[in-house]
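Please read the structure below before turning to the comments.
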Amino acid sequence: MTTRVRFSPAPTGYLHVGGARSALFNWLFARKSGGVFVLRIEDTDADRSRPELVDAIHNSLEWLGIDWDEEYRQSDRFEHYVAAASEFVDRGLAYRCDCSQDDVKARVGENAGYDGHCRARDVQPGTGVVVRFRTPDDGVTGWDDLVRGRVEFDNATLEDFVIVRSSGVPMFHVANAYDDLDMGITHVVRGEDLVNTTPRVLLLREAMGAEDHPTYAHLPLIVNEQRKKLSKRRDDVAVGDYADRGYLPEAMRNYLLTLGWGPKDDVEIRPIGELIELFDLADINPAPAFFDIKKLDHFNGEYIRMLSVEEFVERSRPFASGPDGAVDPGLYQRLAPWVQERARRYEEIPALIEWVVSGPPEPVEKDWRKVMGKEAVPEILDRIIERIDTVEWTSDALSELILGVGEELGAKSQLPARMAITGRRSGLPLFEPMAELERDDVRTRLKTARGRL
RNA sequence: GCCCCCAUCGUUCAGCGGCCUAGGACGCCUGCCUUUCACGCAGGUAACACGGGUUCAAAUCCCGUUGGGGGUACCA
């Protein structure tokens, strides 16, 4: 039997790292097992769903290199869910209820669920009327979860939940159960925040006549530093934002995979093909995992350095701009090897190349004092300025000049020169990029620095 | 409150009864390389939450405690 899995985002926001991770694990499993990966947009809640976000989800998935074999939209399939729900009513598996939420609260209190008040009241269709599923009073509903083992709920703790809103629109459980059955989904891989809805879906599915159910695998949640579920509100987690900041999709994908799972041989950073090969849902760690941006940065740096210089130039070019716009392609190409070794994210590139492509940056005050306060500095700068007009304009000659001055004076001359010319005490190599600057420009920078001492 | 889940270095993954004086990675610290930084290289730091069992033997199995999280909607 070919495996069929699905990723079912609700288009109520941008794709975030938690969703991306779910999509990724599903995709990996499908690709590994030669199965089918279905993208199913769960947009039954018209009030909250925004159609334009579907495109954003597509884009983020594509960016991550996650492709899908089939796509559905639940809003196109309403009639099936409606039919399923009304059949439940006809068969006595569900019933109409006209209790308001306040009515229910008044009867059962703050902390209890619905009390089954309308089970036998034969409520007729009308405004404010919902349909509730009649849950069993005893017995248990459970499943063998691939990552958690046996999970069971006493049916007595399951209230008669709403399956059709008073607007007539079925709830997601119904759509979910119907579609998983109709689409022949064999494995459901999703976040742990959905475990509690699983017994409902199982019950619904059974009522629809299914004799079996998909294999479930509930992924551990990704949490923030407070150990809380990543949320779109508090946490900066939209996949698109990571793309904008210059993370590589392959790094993000690889990193996401090490959250809750890891290759047995401890080699974390490796080609996606190998990862697909090694991956197994049953090996997923059930404990929540912290999204560690520092480690992601490390992965990203590794992936950046893995690129050929040509690829790096090509892919990072959109980030390689100064205030004056795009950087000269030839110049960027020449600077690229040094940039590539230093950037952990593409967004760091402008700061790295600023002194070469858009004039002298304002010196960092603290670094300036530390470097330029040394006794030999005025003399170092004077001697460099003295010879700058006659030196051959090559990196070798410039290096010889500056280091030579240092030797004459028995002092370190590279750092003061760097500070004068780049405004920073660290960054790209000094001499090669310096040779890219105009002689007049360099002279001016040196004199400005000298005057500033 | 009720239901469900989780528990190994600061973080993350490994460990599925003996190979563990617990391993890899990130971070952090040291040194080497280098007249910057980074890269690279060599070291170091640091954990089985607690208490009971079971067993010849437990990080690994069971129970409890504690701690954390998720759910508890006419959202998904």
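So that the names make sense, note that chain A is the first sequence line, chain B the second, and so on, each numbered from 1. Note that the coordinates shown come from a computational prediction; the quantities given were computed from them, not determined experimentally.
In this structure, B:G51 and B:C63 make a Watson-Crick or G-U wobble pair, each of the two defining distances being under 3.5 angstrom. For B:U35, there is no paired base (Watson-Crick or G-U wobble, both distances below 3.5 Å). Pair assignment for B:C20 gives none, since no Watson-Crick or G-U wobble pairing has each distance under 3.5 Å. Nucleotide B:A42 forms a pair with B:U30, judged by Watson-Crick or G-U wobble geometry with both contacts under 3.5 Å. Pair assignment for B:G1: B:U72, on the basis of Watson-Crick or G-U wobble contacts that are both within less than 3.5 Å.
To the nearest whole angstrom, the two C1' atoms, one in B:A58 and one in B:C50, are 16 Å apart. A distance of about 15 Å separates the C1' atoms of B:G17 and B:C48, rounded to the whole Å. Only the C1' atoms considered, B:C74 is 45 Å distant from B:C16, to the nearest whole Å. Nucleotides B:A25 and B:G15, compared at atom C1', are 15 Å apart to the nearest Å. Distance noted for atom P between B:C13 and B:G53: 32 Å (whole Å). Separation of the C1' atoms belonging to B:C29 and B:G68 is 30 Å when rounded to the nearest angstrom. Across the C1' atoms, B:A47 and B:A59 are found 10 Å apart, a figure rounded to whole Å. Nucleotides B:C32 and B:C39 place their C1' atoms 14 Å apart, quoted to the nearest Å.
Side-chain contact between A:Arg107 and A:Lys105 is absent, with no heavy atoms from C-beta onward closer than 4.5 Å. Residues A:Thr448 and A:Arg445 have side chains not in contact (no heavy-atom distance under 4.5 Å, counting atoms from C-beta outward). Using a 4.5 Å heavy-atom cutoff, the side chains of A:His58 and A:Trp68 are in contact. The side-chain heavy atoms of A:Val104 and A:His117, taken from C-beta on, include no pair separated by under 4.5 Å. Taking the side chain as every heavy atom from C-beta outward, A:His187 and A:Pro214 never approach each other to under 4.5 Å. Using a 4.5 Å heavy-atom cutoff, the side chains of A:Pro249 and A:Tyr242 are not in contact.
Remark: A:Glu71 does not engage A:Arg40 in a salt bridge, criterion side-chain N to carboxylate O under 4.0 Å.
If you take CG of A:Leu256 and P of B:U11, they are 19 Å apart, rounded to a whole angstrom. Separating the CD atom of A:Gln340 from the C1' atom of B:G40 is a distance of 15 Å, rounded to the nearest angstrom. If you measure from atom CG of A:Asn300 to atom P of B:A38, you get 18 Å, rounded to the nearest angstrom. Atom CG of A:Leu202 is separated from atom P of B:C4 by 15 Å (rounded to the nearest Å). B:A47 atom P lies 20 Å from atom CG of A:Asn285, rounded to whole Å. Rounded to a whole Å, the CZ atom of A:Arg270 is 13 Å from the C1' atom of B:C13. Atom CE in A:Met419 sits about 13 Å away from atom C1' in B:C37, given to the nearest Å.
Both A:Arg148 and A:Phe291 lie close to RNA chain B; mapped to their nearest nucleotides by heavy-atom distance, the more 5′-ward contact belongs to A:Arg148.
A:Trp338 comes within 4.0 angstrom of nothing in the nucleic acid, heavy atoms only. Within the nucleic acid shown, A:Arg424 has no heavy atom closer than 4.0 Å to any nucleic acid atom. Using a 4.0 Å heavy-atom cutoff across all strands shown, A:Asp297 reaches no nucleic acid atom at all. No engagement by A:Glu225 is indicated, since no non-hydrogen atom pair under 4.0 Å with the nucleic acid exists.
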| Sugar-phosphate or base contact per nucleotide [nucleotides 65-76 of chain B; S, B, -; heavy atom under 4.0 Å] | ----BBS--BBB
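Scanning for side-chain contact (heavy atoms from CB on, under 4.5 Å) contacts around A:Glu159 gives A:Tyr114, A:Arg200, with sequence neighbours left out. Partners of A:Glu250 according to the side chain to side chain donor-acceptor pair (under 3.5 Å) rule, which considers only residues two or more places apart in sequence or in another chain, are A:Arg315.
Relative orientation of the A:His218 and A:Tyr216 rings is parallel, given thresholds of 30° and 60° on the angle between their planes.
To the nearest 0.5 Å, atom CD1 of residue A:Ile293 and atom NE2 of residue A:His298 are 14.5 Å apart.
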| Run the side chain to side chain contact (heavy atoms under 4.5 Å, CB included) check on A:Leu248 and A:Leu307 step by step: do they pass? | CA-CA 11 Å; A:Leu248 306 200; A:Leu307 262 26; 4.0 Å; yes
Listing, residues 277-292 of chain A side-chain donor-acceptor contacts under 3.5 Å, not counting sequence neighbours, or none:
| unit_1 | atom_1 | unit_2 | atom_2 | d |
| --- | --- | --- | --- | --- |
| A:Asp280 | OD1 | A:Ala282 | N | 3.1 |
| A:Asn285 | OD1 | A:Ala287 | N | 2.9 |
| A:Asp292 | OD1 | A:Lys294 | N | 3.1 |

Atom pairs under 3.5 Å: protein N/O with N/O of nucleotides 20-30 of chain B:
| unit_1 | atom_1 | unit_2 | atom_2 | d |
| --- | --- | --- | --- | --- |
| B:G23 | N2 | A:Asp266 | OD1 | 3.4 |
| B:G24 | O4' | A:Asp266 | OD2 | 3.4 |
| B:G24 | N2 | A:Glu268 | OE2 | 2.8 |
| B:A25 | O2' | A:Glu268 | OE1 | 2.9 |
| B:A25 | N3 | A:Lys295 | NZ | 3.0 |
| B:C26 | OP1 | A:His298 | NE2 | 3.2 |
| B:G27 | OP1 | A:Arg344 | NH2 | 3.4 |

Tabulated below should be each protein N or O lying under 3.5 Å from an N or O of nucleotides 31-36 of chain B; please produce it.
| unit_1 | atom_1 | unit_2 | atom_2 | d |
| --- | --- | --- | --- | --- |
| B:U35 | O2' | A:Gln414 | NE2 | 2.9 |
| B:U35 | O4 | A:Leu403 | O | 2.7 |
| B:U36 | O4' | A:Gln414 | NE2 | 2.9 |
| B:U36 | O2' | A:Arg425 | O | 2.4 |
| B:U36 | N1 | A:Arg418 | NH2 | 3.3 |
| B:U36 | O2 | A:Arg418 | NE | 3.4 |
| B:U36 | O2 | A:Arg418 | NH1 | 3.2 |
| B:U36 | O2 | A:Arg418 | NH2 | 3.3 |
| B:U36 | O2 | A:Gly427 | N | 3.0 |
| B:U36 | O2 | A:Gly427 | O | 3.2 |
| B:U36 | N3 | A:Arg418 | NH2 | 3.0 |
| B:U36 | N3 | A:Gly427 | O | 3.0 |

